[in-house]
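Only one structure is covered here, and it is reproduced in the block below.
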Amino acid sequence: MGLVQGDWQHLQGISNDMARMVTTMQAVEQACAALQVPTSRAAAETALLTFRKAPQPIQACQYILENSQMPMARFQAAATMQEAAIREWALLSAEQRNSLRTYCLRYVMARADAAEAYVQVKVLAVAAVLLKRGWLDFATDKEAFFGEVREAVLGAHGPAAQRSGLALLEALVSEFSPSTASAMGLPAEFHEHCRASLELDYLQQFYTWAQEAAITAAEKALQGVGGTLDVNVCAAGLRLMSQLLNWEFQGTLVRGANGVVVVGKQKVNAFASSISREGSAAKRPGDHACLVQPGPGWYDVLLEGNRVGWILELYARVRQGGLGSSSWMDSPLAVAARQLIVQLCSLNGNIFPSDGGTTQELHLQRLLSGITSWLDPPEAVVGAIKSGSTFPSELLDGCHALVAIASVNSPSAFDQLLKPVSRSVGTLSLLASLTREIIKASDPADSEEETWTSKALDILLDTWTVLLQPADFSKQIPFPLSGIEAAAAVFHAYVETGIRAAAASAHDEDDDVEEVRAAIEARDERLSAVALVARAAPSATVPLLAHLVSERCTWLLQCTGGRGDPSSVKEELHWLLLMSGHVLADSGDGETPLVPESISALNVSSADPANHPAVLLCHSVVNLARQSLDTNIRTEIFSPRLMEAVVWFFGRWVDTYLMPADAGRGPNSTPSSNEGDQQQMGGTAGPQLQPLVVAFGEEGGGKAVLEVLVRVAVSGLISWPGERTLQEMVSFQLLPALVRRRNICVHLVSLEAWQELAHAFAFQQATLSTLASPIQRALSEALCRSAGGMSSGDATNQYVRDLLGPITRNLATLSKREDLQTFSQQPDVILQVSCLIERLRGAARATLPRSQKAILEIGSSVMEPLLILLETYRHQSSVVYLLLKYVVDWVDGQVAFLEAKDTVIVFSFCVRLLEIYSTHNIGKVSVSTSTNLLSEGQTEKYKDLRALLQLLTNLSSKDLIDFACDINGEVENPDVAQVVYLGLHIITPLMSVDLLKYPKLCRQYFTLLAHMLEVYPEKVAKLSPDGFSRIVGTLDFGLHHQDVEVVSMSLTALNAVAFYHYQAICRGQEGLGVHVLSIQDAQGVVKEGVLAHFLRSVMQFLLFDDYSNELVEPAADALLPLILCNTTLYQRLAQELLEGQQDALLQSRLATAFHVLLNAQQVTSSLDRQNRRKFRENLYAFLTDVRGFLRTR
Amino acid sequence: MSDDDHHFESKADAGASKTFPQQAGTIRKNAYLVIKTRPCKVVEVSTSKTGKHGHAKCHFVAIDIFTGKKLEDIVPSSHNCDVPEVVRTDYQLIDISEDGFVSLLTENGDTKDDLRLPTDEQLLTQIMDGFKDGKDLVVTVMTAMGEEQICALKDVGPKN
């Protein structure tokens, strides 16, 4: 590899002759070949990277492009050319720039029909980049350039050139679109300008050209006079057209007086566009369709004449086999045409004249008339695909078109669209029958795979979602009657298939796949989409579910006594419970979800509120749950899996239905309209209460249901030993839901079942002690939270004391045992200790303002025992970790409330804890016979450290949030900073570079460090040189980290330190004192002062490293005080850089830039806000100016 | 309340095996477990069911803490597993004899001379080098089910 790794510098030295070019080409070709071989890949990569970074490689690149036989080498040459041109842009003369661009175009035109398309595409991309880079520099040249492109596109130079022209436009559009633009090291504003200019001046032209090219090519092809090339041109034209419609239209661009596009507020846009792109990833499910909103200027281009008709007709003719090949449906032309049609469906906004939507309606009707032939009749279409006689792609695109049309229409308008087109049936019934056919066609056996049916179903469910749940929630959407029937039919079909699939899979041995979290999420997403459909027709769907559930409950009971195999019934019930849960309630996710409006508004025909279908459904599930409490029935017909579904159902249901807080209010309790409220007042004031409130409200049947649920929860914990999933469901979903609202807690604490649970918990009865530790934690958390239901603060505190008192006494007794050392190491003792600590942690997490006092007492009483245990269990990393996490949570809950005297106690406890931990962990070398175990050990240590950092962060928040009321300010609040620095001092030796490689730990550490240095710089000054240098060491590490955030925080920290020092110096104080001085150590080696050292590294970083633009600001903030602290060093560094520059021109540019950096805009030597802002701008200008040529070095 | 208090009690059997029963469902990653009479550390736990509506069973992948060998076991999650008592004790290193045995100082002032030097290269060199340089070394000895091994080393500063 010696030659490949090649000495480029040396090669460059040789005079500019053929030999050098040939050598370079061979080297690149050799590297490209080596890239294919795994063993030599790394070396080849370095070789190519060196080639890319070599100065002035353009000639060599051109030589390779023209002469290399290896497409890969040509590709690399093109890529290098692009990189070099951007990097050395400032060095190129205007003429060179133009000729380079022309070179690219000529190159492609001359080889338009070459085989390796990717090389041509890359070269065109280079041309696009070059054009964009110079976009704002020359105004005159563009017209001529585009004139040529136009000729090529319209076919003046034959179809091959036509295709290349279209490809160039494609490259241009993607280069100018901010999300696909390549990096140029220029500010976002530049990209914004280019985007705006292209949108305003060229996009429409491009579209027209593409359309003309497509039309002529299609004509030729259809008449049979053209070759395959014409078909390709047509497809390329259509592709470009849809790409243009994909453009993120701004629509609001204005042209200034001098013909220059006014960007104005676009600065904000530059920021916003990136945000919206991030956000769009997690947008509503309707995202299968992005709206196309090009603005009124596009009317002529897109809608005038029979533009839409033409494309529909073209596709129809392709379909009939006019351009026939056997697989016409997936041919590029057909795909491109469908793509364009789908995009035209999502056309929206002010491109349509304000004529009450008539134009848009006609437009969509026309499109729909074309599209229905892809989908209608659904039975036949789906049947043909199932039998394998056609491909599903047309159907899928048809579904895409439906979701697109749905997202620009109201449900009723959507329904009307189809009526005039073909027959009296509305679009909704087409949608419904299509959805039904797809549901029927879906094969439950491979539901995990991405089959065409599941894809189609996803899109169709999105269509329903878009129709049923518009983005704007405030708008009430009346759903047409036919739609309600359609929705009911769809849901019916879905339930039927779902039950059948469940029954069929009941005996499947392998259920691992389903347990994967992603699969569960996907299932839930699908179910909630279906639930939305069900809620559109509650009067049909809820009774259906109620009927099915109660029917299966009866069947299940009939299976007792060995009278039948309940497996399939159980599986059906399991599925029905999941479905019902989704239909009846939304998942809370932190808010209190309301009863879905359509369900609460459901009219009950009979007078008895108990006959409300939702009540019936809920009651049958409650009954099922009650059955599970009977030991015999439980063992005979219930399974862990069925219980999981029951518990899941109630975990979700409780938040919405059980004792709702706003029980007195009607169905529409959204805060949107006051008028509505008034109406409801009238409605609910009458004697008839909402049936759901009667059934499950506080005054109604709520208490009885609560009692059942508590018993179900307890039985889930103790009657199903070892069923971890079920226990987790109970403790992570059902229990938290039960204690979430105070009005339920009030009833909970008075329930006998709950009291029994609390008793068993407090006295550590064996029934509960076999639970795994996270479940102990959750149980404790729930019990302590329920204390909030006690009538007074005192009662709450007493409740918590009663719950936890025995535990603390137990721990204290243990810690005082004489044989503690040997006794404590026994596994069952370790298990018990872990359980107790987890219980304490759960309680700490449940700290309420009204129970804070009790938790503080409890925590204080276990301080000594815990320190003893930490010492005892120093070798049991799992116990140590639990203990640390408990302290973290306890401090977190307490810190805001602590009064001064308690603060002293807590802080000294934390310091002792840190000390004990570090004594046992500093300087220890552990080994293990297995690398696997060794890395486990490393991970454990990492988790410990994270806990410790969290602890310090929590402690440091004492200064920020302090709710404590110190009536008598006698005791002085201990110095938070001192404590945290002491902590840092203890922790930093444990930090190793290896550990900082864990991203979470690293961020946490630097966040804490930046915070501390910013808020308490004076404390740093007082650190010992040893401690100080450790912190400095980590800052050095952080500065060179890959994570932008870490670098930014390191810079913030640097800024804080330098800022503090400079201000202190100005006031005549010593600032960082000894730390900034350069020291000469015993060997006579001079160690630079800290600030000088960092000035050097920040300068180095800014000028020569790769970094994201967003780091410039924090770097500027750090650089200014650093320069001010070390002016002489700064001068020297600048001088060195100047002297290192060979080129006189560049030297003078550099000199000017340095001058500008510190002198432009009257930057002074103060550190006030305004001055720092100016300096930031100067630095920006400075970097844009000099980085280009400095970095090639 | 206090008369009802539950106190720590251990089900320790006095036998030499020194293992304790614990429900399989509560054994987590990084816990110790006996598989095929070997003390192991669990590196992976997965649960599955015997059929859709059957009961849970745990699948353990664990590593022998002395030999580093990988072992696996499947246990119904409501059943008990044996958990070994794994104790780590720190001793001051006094001497290294030529035949590869170390001499350790116990807490009560006796010496313990029945342990071999570890086989692990890295640890071995560190012990030898540290000892040669006259540093004060503390070694950690791991004991489980009647077996012992030096597993960690700590340098507590130069000998004075």
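Per chain, numbering begins at 1; letters A, B, ... match sequence-line order. For the numbers below, each heavy atom of this structure counts, side chains included, while hydrogens, waters and symmetry mates do not.
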> Is the backbone N or O of A:Leu771 less than 3.5 Å from a side-chain atom of A:Gln776, with the two atoms forming a donor-acceptor pair by type?
Replying inline: yes
> Would a distance-only check, ignoring hydrogens and angles, find a side-chain to backbone donor-acceptor pair under 3.5 Å from A:Gln876 to B:Val86?
Replying inline: yes
> Can you list the steps and then say if A:His574 with A:Glu644 is a side chain to side chain donor-acceptor pair (under 3.5 Å)?
Replying inline: CA-CA 8 Å; A:His574 177 264; A:Glu644 281 159 30; 5.6 Å; no
>> Is any side-chain heavy atom of A:Trp720 closer than 4.5 Å to one of A:Ser715?
In response: yes
> Any idea which of A:Glu723, A:Glu940, A:Gln825 has the most non-hydrogen atom pairs under 4.5 angstrom with chain B?
Replying inline: A:Glu723
>> Please classify the contact between A:Ser769 and chain B as side chain, backbone, both or neither, with a heavy-atom cut-off of under 4.5 Å.
In response: neither
> Is chain B contacted by the side chain of A:Gln727, its backbone, both, or neither, given a heavy-atom distance below 4.5 Å?
Replying inline: neither
>> Tell me whether A:Tyr873 contacts the main-chain N or O of A:Ser824 through its side chain, where contact means a donor paired with an acceptor under 3.5 Å.
In response: yes
> Between A:Leu726 and chain B, which part of the residue has a heavy atom less than 4.5 Å away: side chain, backbone, both or neither?
Replying inline: neither
>> Let's test your reading of the structure: which of B:Ser46, B:Cys58, B:Ala56 forms the most heavy-atom pairs below 4.5 Å with chain A?
In response: B:Ala56
> Under a 4.5 Å heavy-atom cutoff, which of B:Ile27, B:Val83, B:Val87, B:Asn30 has the most pairs with chain A?
Replying inline: B:Asn30
> Are a donor atom and an acceptor atom from the side chains of B:Lys52 and A:Ser567 found within less than 3.5 Å of each other?
Replying inline: no
>> Taking side chain as everything from C-beta outward and backbone as N, CA, C, O, which of these in A:Gln821 sits under 4.5 Å from a heavy atom of chain B? Side chain, backbone, both or neither.
In response: neither
